[in-house]
Amino acid sequence: MHKAFEIGARMEISKGGNVFLNNRRIELLKQIRSTGSILAASKEMRISYQMAWTYIKEINALSPLPVVVRQRGGSNGGGATLTKYGLMLVGKYLQMDERLHEFLKNFEADLDDCFF
């Protein structure tokens, strides 16, 4: 059966009118976790390093605990990592996002009853 309509929503967590977490920022955090680098993460997402760094600064400023920490150069070069708190936030966000999509599926079922 072909669905006539779909209901969509994107989760966004804000604080004081400022975006804390959304799908794009979570993807950036996942890429940082994967690559160990803000630069590499920004390239993977095809956004500028400056934009990635802006997101990270905003996330860390709004968070009660650091989410991303940077390591400066050295013999192995610099990098970035997610804190334990950051890893927990990513996991919780993904769980809540999945619950949101399940909730929307129920609405779609109600909507489907309106069409033949």
Side-chain angles (χ1 to χ4, degrees):
M1 177 182 195
H2 177 53
K3 288 185 162 194
F5 296 94
E6 294 178 356
I7 299 173
R10 294 187 182 183
M11 189 166 64
E12 181 175 280
I13 301 171
S14 299
K15 182 178 181 183
N18 299 302
V19 175
F20 175 53
L21 296 174
N22 60 19
N23 288 348
R24 190 128 176 99
R25 291 175 183 220
I26 288 295
E27 184 59 31
L28 176 62
L29 295 177
K30 288 168 52 181
Q31 289 296 330
I32 291 169
R33 180 183 62 199
S34 174
T35 64
S37 162
I38 297 168
L39 180 61
S42 67
K43 287 181 179 179
E44 282 292 318
M45 293 184 62
R46 295 189 168 137
I47 62 172
S48 70
Y49 174 82
Q50 186 63 41
M51 180 59 69
W53 183 233
T54 297
Y55 287 163
I56 292 163
K57 286 192 291 188
E58 290 171 351
I59 290 167
N60 278 339
L62 292 169
S63 177
L65 296 171
V67 175
V68 177
V69 292
R70 291 183 354 178
Q71 290 97 25
R72 297 248 176 219
S75 61
N76 294 327
T81 59
L82 269 60
T83 63
K84 287 182 183 180
Y85 181 70
L87 291 169
M88 184 274 303
L89 278 178
V90 170
K92 282 289 187 191
Y93 182 95
L94 294 173
Q95 287 174 356
M96 290 187 304
D97 194 51
E98 181 60 32
R99 288 173 52 199
L100 172 63
H101 289 288
E102 289 299 318
F103 182 74
L104 293 176
K105 284 181 188 177
N106 290 330
F107 271 133
E108 282 183 359
D110 290 343
L111 185 63
D112 287 343
D113 293 341
C114 296
F115 302 99
F116 303 85

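Using a cut-off of 4.0 Å between Lys/Arg side-chain N and Asp/Glu carboxylate O, Lys105 and Glu108 are scored as not salt-bridged.
Sequence neighbours left out, not one pair with a member in residues 38-50 passes salt bridge (Lys or Arg N to Asp or Glu O under 4.0 Å).
For the atom pair CD1 (Ile7) and NE2 (His101), the distance works out to 12.5 Å, reported to the nearest 0.5 Å. Note: Ile26 CD1 to Lys92 NZ = 13.0 Å, rounded to the nearest 0.5 Å. Distance check, rounded to the nearest 0.5 Å: CG of Leu29 to OH of Tyr93 gives 10.5 Å.
Contact annotation: the side chain of Ile56 never approaches that of Arg70 to less than 4.5 Å [non-hydrogen atoms, C-beta and beyond].
Across all non-hydrogen atoms, the minimal contact from Asp97 to Met11 is N-CE, 3.5 Å. Across every non-hydrogen atom of Ser42 and Ala52, the tightest pair is CB-CB, 3.8 Å. In this structure, Arg33 and Leu87 approach most closely via the heavy-atom pair CD-CD2, 3.4 Å.
Phe103 pairs by the ring-ring contact (aromatic ring centres under 6.0 Å, His included) definition with Phe107, not counting sequence neighbours.
Annotation: Met96, atom CE; neighbour count of heavy atoms from other residues, nucleotides and ligands within 6.0 Å is above 12.
Both Leu62 and Tyr85 are members of a single hydrophobic cluster when ILVMFWY side chains are connected at heavy-atom separations under 4.5 Å. Residues Met88 and Leu65 share a single hydrophobic cluster, defined by chaining ILVMFWY side chains whose heavy atoms lie under 4.5 Å apart.
Within the 3.5 Å criterion, the main-chain N or O of Gln31 finds a donor-acceptor partner in the side chain of Thr35. Listed for the Arg25 side chain is a donor-acceptor partner under 3.5 Å among the backbone atoms of Val19.
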